[in-house]
Amino acid sequence: MSNHTTVSTFLLWGFSSFPDLRGLLFVMIFFSHGTILTANVSIMVAVKLSHNLHTPMYFFLCGLSFSETCSTMAIIPRTLADLLSDSKTISLPECATQMFVFFGLGANNCFIMAAMSYDRYTAIHKPLHYPILMTHKICFQFITASWMVGFLLSLCIVIVVFNLSFCDSNTIQHFFCDISPVVSLACDYTSRHEMVIFGLSAFVLAGSCVFIVMSYVFIVSTVVKMPSAEGRYKVFSTCSSHLTVVCIHYGFAGFVYLRPKDRDSFREDMLMAVTYTVLTPLLNPIVYSLRNKEMQTALRKVLGKTGSSLRGKPCHLQ
């Protein structure tokens with residue numbers, strides 16, 4: 001941390017701009033959080049227990065569900081507590097930790113989705129080599145690299161942000177420690193800092209997005225050459241869930257982190273942040289469940305076994 005930093009705590013102003021909606025927001029976010037946890041844990045359990053889902057695609061999906069569950073845990077419990085509390089202060093180390101964890105997991109999500117697109121490309125473009133190119137070891141290496149690179153880039157951003165001098169206001173116009181609202185409080189934030197942060201963000205978002213687009217360009221070029229309409233439909237149906245999730249994730253994240261910033265945009269960014277911290281993790285498992293018959297079957301089996309085990313347990317009265 002810089003020796004010139006005089007601010008030791010921040011105030012997360014966030015939803016204080018909407019005092020009349022605090023109760024409604026708490027209920028909505030609370031139940032959304034519960035649904036996110038239930039849906040993502042159900043997917044992870046279904047992949048674990050269903051032998052026919054022990055494939056690279058579902059291994060990556062399981063990793064994505066786990067990462068998104070962790071990312072919501074980094075933000076939402078604190079947000080719920082702040083909605084019920086008059087004191088919304090957060091210490092500087094806590095703020096740095098929250099930013100590090102959230103953006104590390106966010107970058108990890110991007111890289112896992114890129115790995116999923118490579119998996120689909122390999123399965124469709126090189127089906128004969130697929131068992132060799134996508135072994136369990138290689139999939140595990142993809143996941144490990146996603147976590148390591150994601151948190152390394154997040155660490156770089158946090159070091160840049162929290163080596164700035166905060167000597168003016170300590171009120172963050174957000175409900176968590178997002179980059180732009182925090183750096184706007186710094187006295188010595190320059191265009192050089194802005195370019196470094198933008199470059200790191202662009203590497204994560206634009207870099208992984210370009211990789212995904214290139215993968216799908218090769219996929220489409222392969223699919224259009226297929227003589228069978230049924231075969232083309234089957235291939236596109238296996239990719240549709242991933243494409244839907246990619247569009248949702250990159251649409252919202254790109255809007256917030258890759259467009260020019262000014263102080264007037266913080267309120268708009270905060271409302272968009274509700275979408276990518278609550279709605280996106282909620283939609284992802286829903287999209288994969290509704291558009292994937294294998295996952296639907298696995299979830300029904302898991303829920304059926306759970307219901308049967310609960311019904312089969314006798315009640316012991318004291």
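Both backbone and side-chain heavy atoms feed into the values below; hydrogens, waters and symmetry mates do not. In this text the structure is predicted, and so the values were computed from the model without any measurement. Residue numbers count from 1 along this sequence.
Two residues are said to be in side-chain contact when any heavy atoms from C-beta on lie closer than 4.5 Å; Phe103 and Asp178 meet this criterion. Here the side chains of His125 and Ile219 are not in contact, with every heavy-atom distance at 4.5 Å or above. Side-chain contact between His193 and Val183 is absent, with no heavy-atom pair separated by less than 4.5 Å. In this structure, Leu153 and Ile157 have side chains that are not in contact, with every pair of non-hydrogen atoms separated by 4.5 Å or more. Counting only heavy atoms from C-beta outward, the side chains of Thr38 and Ser42 approach each other to under 4.5 Å. Within the 4.5 Å cutoff, the side chain of Leu12 has heavy atoms near those of the Arg78 side chain. Looking at Asn40 and Phe66, their side chains never come closer than 4.5 Å, going by heavy atoms from C-beta outward. Between Asp119 and Tyr130, the closest side-chain pair of non-hydrogen atoms falls below 4.5 Å.
Under the 4.5 Å side-chain contact rule for hydrophobic residues, Ile75 and Trp13 do not share a cluster. One hydrophobic cluster, built from ILVMFWY side chains closer than 4.5 Å, cannot hold both Phe100 and Met73; they sit in different ones. Cluster membership for Ile132 and Leu128, using ILVMFWY side-chain heavy atoms within less than 4.5 angstrom, is not shared. Under the 4.5 Å side-chain heavy-atom criterion for Ile, Leu, Val, Met, Phe, Trp and Tyr, Leu155 and Val101 are members of the same hydrophobic cluster.
Atom OH of Tyr189 has more than 12 heavy atoms from other residues, nucleotides or ligands within 6.0 Å. Under a cut-off of 6.0 angstrom, the local environment of CZ in Phe30 is sparse, with at most 12 non-hydrogen atoms contributed by other residues, nucleotides or ligands. No more than 12 heavy-atom neighbours from other residues, nucleotides or ligands sit within 6.0 angstrom of NE2 on His129.
Across every non-hydrogen atom of Lys88 and Asp82, the tightest pair is NZ-O, 2.6 Å. In terms of heavy-atom proximity, Arg22 sits nearest to Ser85 at NH2-O, 3.5 Å. Considering every non-hydrogen atom in both Ile124 and Val223, the closest pair reads CG2-CG2, 4.2 Å. Here the shortest heavy-atom pairing between Ser65 and Met44 reads CB-CG, 4.0 Å. Nearest heavy-atom pair, Asn170 versus Thr9, reported as atom, atom and distance to 0.1 Å: ND2-O, 3.2 Å. Residues Ser32 and Val278 share a closest heavy-atom pair of CB-CG1, 3.4 Å.
With hydrogens and angles ignored, the 3.5 Å screen pairs a side-chain donor or acceptor of Ser50 with a backbone N or O of Ala46.
Considering CG of Leu25 and OG1 of Thr79, their distance stands at 10.5 Å, rounded to 0.5 Å. Taking CZ from Phe26 and NE2 from His33, the interatomic distance works out to 10.5 Å, rounded to the nearest 0.5 Å. Rounded to the nearest 0.5 Å, atoms OG (Ser215) and CE (Met116) are 12.5 Å apart. In this structure, CG on Leu105 lies 4.5 Å from OG on Ser67, to the nearest 0.5 angstrom. For the atom pair CD1 of Ile112 and SG of Cys62, the computed distance is 9.5 Å after rounding to the nearest 0.5 Å. Summarising the geometry, atom CZ belonging to Phe175 is positioned 6.5 Å from atom CD1 belonging to Ile29; distances are rounded to the nearest 0.5 Å.
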*Begin from the C-alpha positions of Met113 and Val245 and carry the test side chain to side chain contact (heavy atoms under 4.5 Å, CB included) through to its verdict.*
CA-CA 9 Å; Met113 282 189 277; Val245 169; 3.8 Å; yes
*Tell me, with the steps shown, if Cys110 and His249 meet side chain to side chain contact (heavy atoms under 4.5 Å, CB included).*
CA-CA 8 Å; Cys110 292; His249 178 85; 3.3 Å; yes
*So Leu37 and Thr69, side chain to side chain contact (heavy atoms under 4.5 Å, CB included) or not? Walk me through it.*
CA-CA 6 Å; Leu37 295 179; Thr69 300; 3.5 Å; yes
*side chain to side chain contact (heavy atoms under 4.5 Å, CB included) evaluation trace for Phe60 with Met134*: CA-CA 11 Å; Phe60 290 132; Met134 296 301 294; 3.6 Å; yes
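Cys156 is linked by a disulfide (SG to SG under 2.5 Å) to nothing, counting only residues two or more places apart in sequence or in another chain. With sequence neighbours left out, the ring pair (Phe, Tyr, Trp, His ring centres under 6.0 Å) criterion links His136 to Phe59. A search for disulfide (SG to SG under 2.5 Å) contacts involving Cys177 returns Cys95, not counting sequence neighbours. Residues satisfying the side chain to side chain donor-acceptor pair (under 3.5 Å) test with Ser208, not counting sequence neighbours, are Tyr250.
Applying the disulfide (SG to SG under 2.5 Å) definition to pairs two or more places apart or across chains, none involves residues 206-241.
Ring pair Phe176/His174 is perpendicular by interplanar angle, where above 60° counts as perpendicular and below 30° as parallel.
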Sequence neighbours excluded and cut-off under 3.5 Å, please list the side-chain donor-acceptor pairs for residues 138-152, or say none.
from   : atom 1 : to     : atom 2 : distance (Å)
Thr144 : OG1    : Phe140 : O      : 2.8
Ser146 : OG     : Phe142 : O      : 2.9

